[in-house]
**Student:** 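First the structure, then my questions, so here it is.
A quick note: this is a predicted structure, and the numbers were derived from the prediction, not measured. When a ligand or atom number is given, it counts from 1 through the structure's own listing order.
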Amino acid sequence: MSVLLLRFTPPDAFIPFAEAATQEPPLRLQTFARLRDFIYQLSGLFVADTHRYFLKVRLLRRMQLLGLRSFEEYLDYITGATPQTVQEHQELLNSIVVVETHFFRTPEHFAALGRQILPELASKRGRLRLWSAGCATGEEAYSMAMVVHRDFHPVFPHIPVEILGTDLSSEAIARAQRGRYRAPSLHGMPEVYKGYLREVWGEYEVVPEIRSVVRFQLLNLVDEDSVRAVGPVDVLFCRNVLLYLAPEVRRRVVEALCEQLLPGGYLFVGAAETLSHMTDRLQLVHFPRALAYWKPE
Ligand SMILES: C[S@@+](CC[C@H](N)C(=O)[O-])C[C@H]1O[C@@H](n2cnc3c(N)ncnc32)[C@H](O)[C@@H]1O
């Protein structure tokens with residue numbers, strides 16, 4: 001038993017606690033507050049007081065890479081006006097966002113999309129545009145494409161469908177474009193769609209016919225001009241994104257998304273999220289074991 005314990009104990013655990021504490025620069029309350037404001041201005045993301053340690057751990061890695069010794073130095077670095085500073089803004093966001101996702105997360109949403117929403121919209125439009133806003137590493141957008149390929153196009157082959165995946169994290173977008181995933185991304189994925197992934201060296205790669213219909217792009221939802229540039233969409237998934245934004249930013253983002261949604265279009269938020277008290281431009285609609293918001297025509 002003790003052998004096992006020794007084997008799995010990481011080397012850092014042998015550093016006495018007091019010594020380890022002196023090796024790590026402190027993240028003072030005032031510096032934390034300034035960093036938090038800076039992140040809020042950049043992205044609308046809200047870092048709660050309770051996440052001070054989380055922020056510290058994530059930023060320590062950046063500081064080590066940049067050779068900076070204190071959080072105050074890091075703050076000066078990111079608020080400076082050099083081209084490297086702007087690059088660091090993206091690295092900072094990449095290091096703090098939560099990009100957790102998987103294929104067919106909340107499968108009821110995809111069932112509603114394939115069985116009801118797409119056929120209904122096809123009877124009204126000559127082409128369809130779907131947007132996964134806050135797509136993280138891309139599984140959500142690819143899941144949409146699988147539904148289109150397997151359930152929609154065999155019945156409506158003449159309706160072209162365009163799918164866009166966007167995210168704040170450039171790292172997540174690069175991974176989405178690569179289209180290769182580890183086994184946990186497939187957790188809970190309906191068997192019938194697994195044929196759209198092929199195993200390559202222990203990973204799962206999205207097949208070309210699915211990859212070719214999805215386009216990924218870096219986009220900050222807080223930037224209203226960028227949201228407008230996406231153009232009108234029929235179906236919008238913005239799931240498990242709004243909960244990370246400060247409440248007043250959330251409202252503005254929802255307004256901007258509503259603008260892009262075509263009349264008769266649908267918006268999905270995460271299973272634990274709601275738009276109540278945020279907009280009166282959308283109506284809540286019920287699907288089997290799923291809710292969505294509909295923009296009246
Ligand atoms: C938990 S993931 C959700 C992924 C996927 N939508 C899902 O439900 O599985 C949240 C994503 O929101 C993105 N995000 C957070 N704030 C954003 C912003 N201001 N603009 C664009 N994306 C943002 C993060 O980068 C992250 O990839």
**Student:** Mind jotting down which residue pairs meet the ring-ring contact (aromatic ring centres under 6.0 Å, His included) criterion with at least one end in residues 182-207? Sequence neighbours excluded, please.
**Tutor:** F104-Y193, H149-Y196
**Student:** How about W131 and V230: do any of their side-chain heavy atoms sit closer than 4.5 Å?
**Tutor:** yes
**Student:** What are the polar N/O contacts of ligand 1 with the protein below 3.5 Å, with distances?
**Tutor:**
from, atom 1, to, atom 2, distance (Å)
ligand 1, 6 (N), G134, O, 2.8
ligand 1, 6 (N), E140, OE2, 3.2
ligand 1, 6 (N), R239, O, 2.9
ligand 1, 8 (O), R105, NH1, 3.4
ligand 1, 8 (O), R239, O, 3.1
ligand 1, 8 (O), N240, ND2, 2.7
ligand 1, 9 (O), T101, OG1, 2.5
ligand 1, 9 (O), R105, NH1, 2.8
ligand 1, 19 (N), S43, O, 3.1
ligand 1, 19 (N), N220, OD1, 3.0
ligand 1, 20 (N), L221, N, 2.9
ligand 1, 22 (N), L168, N, 3.3
ligand 1, 25 (O), D167, OD1, 2.6
ligand 1, 27 (O), D167, OD1, 3.2
ligand 1, 27 (O), D167, OD2, 2.7

**Student:** Does the pair R28/E72 count as a salt bridge with the N-to-O cut at 4.0 Å?
**Tutor:** yes
**Student:** Among pairs that include at least one residue of residues 236-247, which meet side chain to side chain donor-acceptor pair (under 3.5 Å), considering only residues two or more places apart or in two chains?
**Tutor:** H109-R239, E140-R239
**Student:** Could I get the full list of ring pair (Phe, Tyr, Trp, His ring centres under 6.0 Å) partners for F38, not counting sequence neighbours?
**Tutor:** H89
**Student:** At their closest point, which heavy atom of A133 faces which heavy atom of L221, and how far apart are they?
**Tutor:** CB-CD2, 4.0 Å
